[in-house]
Number of protein chains: 2
Amino acid sequence: MSEAAVVEPIGKRERTKVANRQAILVAARRVFAKLGYEAATVRDIIRGTELASGTFYNYFRSKEEVFEALADDGARRFRPILRQARENAKSFEDYLHSAFVAYFRFIVEDNQQEGLPIDQRRPHVRMDTPEMSAVYQEVRQSLEDAIAHGDAPRVDADYLACACIGIAQEVGSAMLRRSPPDIAAAADFATGLILKGLQGAPRQG
Amino acid sequence: MSEAAVVEPIGKRERTKVANRQAILVAARRVFAKLGYEAATVRDIIRGTELASGTFYNYFRSKEEVFEALADDGARRFRPILRQARENAKSFEDYLHSAFVAYFRFIVEDNQQEGLPIDQRRPHVRMDTPEMSAVYQEVRQSLEDAIAHGDAPRVDADYLACACIGIAQEVGSAMLRRSPPDIAAAADFATGLILKGLQGAPRQG
DNA sequence: TATGGAAATTGACGATGCGTCATTCTTGTG
DNA sequence: CACAAGAATGACGCATCGTCAATTTCCATA
């Protein structure tokens with residue numbers, strides 16, 4: 001069967017490398033959810049795999065780096081969704097709303113995957129990875145474009161992006177605490193708050 | 001000098017207890033600022049005092065408990081400021097603005113005290129202490145009152161409180177990144193955004 | 001003032017996690 | 001098949017953890 005070579009064209013070396021990395025990430029996700037980031041140890045993570053402790057360090061330098069990889073992964077999955085919302089949007093309001101829906105849907109999915117909601121893990125750790133700040137840049141760029149096109153007043157785009165992200169985070173958390181989480185209602189709230197609030201924001205000198 | 005007894009009416013026992021606790025908190029604040037919460041160890045903290053390692057555990061059960069005590073302390077100092085802003089406010093807009101100013105002033109002071117701004121410490125840890133959630137309750141109560149008095153539309157008070165807090169946190173962080181931090185401008189932005197946004201927020205059914 | 005005992009401090013201890021590295025095993029190549 | 005490069009392994013030295021028996025400090029009472 002010559003197809004076998006096509007299905008797995010890469011050598012076993014590379015395959016196990018990818019598999020091991022993935023196994024570590026999967027185990028880490030489970031362990032972080034179960035024990036919280038703080039309490040979790042590299043040994044806890046590695047115990048959730050078939051690997052030896054030393055092997056962990058062939059893939060990541062530390063627990064923090066694993067967390068970053070997970071966060072990066074999340075951001076990397078979210079960014080194209082956000083970008084698409086931007087491209088498909090018929091209006092600024094439409095963009096804002098789709099973006100909030102996308103984010104809220106995203107965190108709902110991320111949370112029902114694991115046991116504990118992110119917010120109930122204590123202490124709560126937030127990390128700025130390159131991909132995370134890429135999401136911020138994405139948001140900010142969209143807002144600046146909207147301002148440039150006259151779809152939004154000429155406000156401080158940095159502050160506005162921060163406000164949008166802050167609202168998304170906190171309202172998103174609040175939404176997750178309710179059952180069942182109503183994504184549409186939360187998105188309506190956030191969109192309405194920001195949109196009609198723009199007129200009141202100070203013009204940028 | 002009989003006054004000595006008046007100046008220090010309590011016994012040495014109690015005095016050293018208070019002093020030791022304070023010494024640990026002060027050292028912890030310094031260590032967290034220097035190394036970040038994650039990297040800091042109980043030993044690092046205790047080394048910043050004259051005490052032995054075992055003594056730490058007479059005062060706190062863990063590093064986390066020290067952090068909570070610090071956060072609680074912050075919230076405890078902030079709450080009366082917030083309450084006063086509420087009592088002195090001439091209008092809802094006035095209240096919102098004073099509250100934002102109070103918060104932004106608060107974090108500016110808190111940050112210039114230590115070396116690194118809180119936001120540049122990685123990983124970033126956020127914790128919900130009883131006092132922290134008391135601040136949330138305070139904010140939410142104010143908003144509910146405003147709604148009840150007809151000063152604000154009948155929106156979802158929980159979401160609105162979350163949105164205010166999210167805006168305060170993120171815009172506050174952004175403000176700290178600028179130099180010099182312009183408290184008034186940030187407060188104007190946040191107040192304007194929320195106030196004029198209220199009309200657009202969905203009515204609560 | 002002297003003293004007995006409660007309370008607080010101390011640092012050593014066993015347990016555990018850290019990151020490293022010499023060794024062993026595995027894989028791809030000639 | 002043989003060999004070299006690469007990856008996995010787990011034991012090692014070091015650091016921190018939280019505990020606890022021994023010690024010191026303080027205060028109340030005689």
Side-chain angles (χ1 to χ4, degrees), chain A residues 2 4-69 122-123 125 127, chain B residues 2 4-32 34-69 122-123 125:
Chain A
S2 67
V6 176
V7 172
E8 289 173 352
I10 55 179
K12 181 165 189 189
R13 271 265 147 78
E14 283 185 70
R15 258 184 298 132
T16 47
K17 248 171 80 169
V18 170
N20 285 350
R21 189 189 153 90
Q22 200 56 25
I24 291 174
L25 287 175
V26 168
R29 189 177 268 276
R30 191 170 49 237
V31 169
F32 287 156
K34 187 166 190 176
L35 306 178
Y37 175 78
E38 251 300 294
T41 70
V42 169
R43 256 66 176 181
D44 290 328
I45 296 171
I46 211 67
R47 260 182 238 117
T49 73
E50 308 272 288
L51 306 171
S53 64
T55 307
F56 174 90
Y57 296 96
N58 290 341
Y59 292 88
F60 300 96
R61 266 200 290 271
S62 64
K63 177 177 70 162
E64 178 177 338
E65 207 170 282
V66 177
F67 187 95
E68 278 187 18
R122 293 165 41 117
V125 179
M127 219 169 288
Chain B
S2 66
V6 177
V7 172
E8 290 174 352
I10 56 178
K12 180 163 189 190
R13 272 262 148 78
E14 282 185 71
R15 258 183 298 131
T16 47
K17 246 171 81 169
V18 171
N20 284 351
R21 189 188 152 89
Q22 199 56 26
I24 291 174
L25 288 175
V26 167
R29 186 177 270 276
R30 191 172 49 234
V31 169
F32 287 156
K34 186 166 190 175
L35 306 179
Y37 174 78
E38 251 299 294
T41 71
V42 169
R43 256 65 177 184
D44 290 330
I45 297 171
I46 211 63
R47 259 183 237 116
T49 72
E50 308 272 291
L51 307 171
S53 65
T55 307
F56 174 89
Y57 295 96
N58 290 342
Y59 292 88
F60 301 97
R61 267 200 291 271
S62 64
K63 176 177 72 163
E64 178 177 338
E65 207 169 282
V66 177
F67 187 94
E68 279 187 18
R122 292 166 40 121
V125 179

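In what follows, every chain begins at residue 1, and chains take the letters A, B, ... in the order their sequences are listed.
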Looking at every strand, decide which applies to B/Thr55 at a 4.0 Å heavy-atom threshold: base, sugar-phosphate, or nothing. base
Are a donor atom and an acceptor atom from the side chains of A/Thr41 and A/Asp44 found within less than 3.5 Å of each other? yes
Please find the pair of heavy atoms, one from B/Val66 and one from B/Ala28, that lie closest to each other, and give the distance. CG1-CB, 3.4 Å
Rounded distance in Å - CD1 (A/Ile24) to P (D/dA7): 13 Å
Side chain A/Lys63, main chain A/Glu38, donor-acceptor under 3.5 Å: yes
Side chain of A/Ser53 only, heavy atoms from C-beta on: which candidate in D/dG10, D/dT16, D/dC17 is closest? D/dG10
5' priority, DNA chain D, between B/Gly54 and A/Tyr59 [closest heavy atom]: A/Tyr59
Let me spell it out: for each of B/Thr16 and A/Val42, pick the nucleotide of DNA chain C with the closest heavy atom. Which residue's pick is nearer the 5' end? B/Thr16
Between atom CZ in B/Arg13 and atom P in D/dT24, what is the gap in whole Å? 15 Å
When rounded to whole Å, the CZ to P distance for the pair B/Arg61 and D/dC20 reads 15 Å
Take the protein atom CD1 of B/Ile46 and the nucleotide atom P of D/dC17, then report the distance between them rounded to whole Å. 11 Å
For D/dA7, take OP1 and OP2 only and decide whether either is under 4.0 Å from a side-chain N or O of A/Asn58. no
Measure CZ/B/Arg43 against C1'/D/dG18 and give the value in whole Å, please. 7 Å
Rounded distance (Å) that lies between atom C1' of D/dT25 and atom CG of B/Asn20: 12 Å
Does A/Glu14 have any salt bridge (charged side-chain N to carboxylate O under 4.0 Å, His left out) partners at least two apart in sequence or in another chain, and if so, which? none
Expressed as a whole number of angstroms, how long is the span from A/Glu14:CD to D/dA8:P? 13 Å
For residues 17-27 of chain A, run the donor-acceptor check on the side chains, cut-off 3.5 Å, and write out each pair with its distance to 0.1 Å, sequence neighbours left out.
residue: A/Asn20; atom: ND2; partner: A/Tyr59; partner atom: OH; Å: 3.1

Euclidean distance, atom CG of residue B/Leu51 to atom P of D/dT25 [Å, nearest integer]: 14 Å
Provide the closest heavy-atom pair for A/Ile46 versus A/Ala52 in the form atom of the first, atom of the second, distance. CG1-O, 3.4 Å
Between B/Lys12 and D/dT25, is there a side-chain N or O to OP1/OP2 distance below 4.0 Å? no
Can you check side-chain contact (heavy atoms from CB on, under 4.5 Å) on A/Phe56 and A/Thr49, steps first, answer last? CA-CA 10 Å; A/Phe56 174 90; A/Thr49 73; over 6 Å; no
Along DNA chain C, 5' to 3', what are the outermost nucleotides having an atom less than 4.0 Å from a heavy atom of chain B? C/dA6 to C/dA12
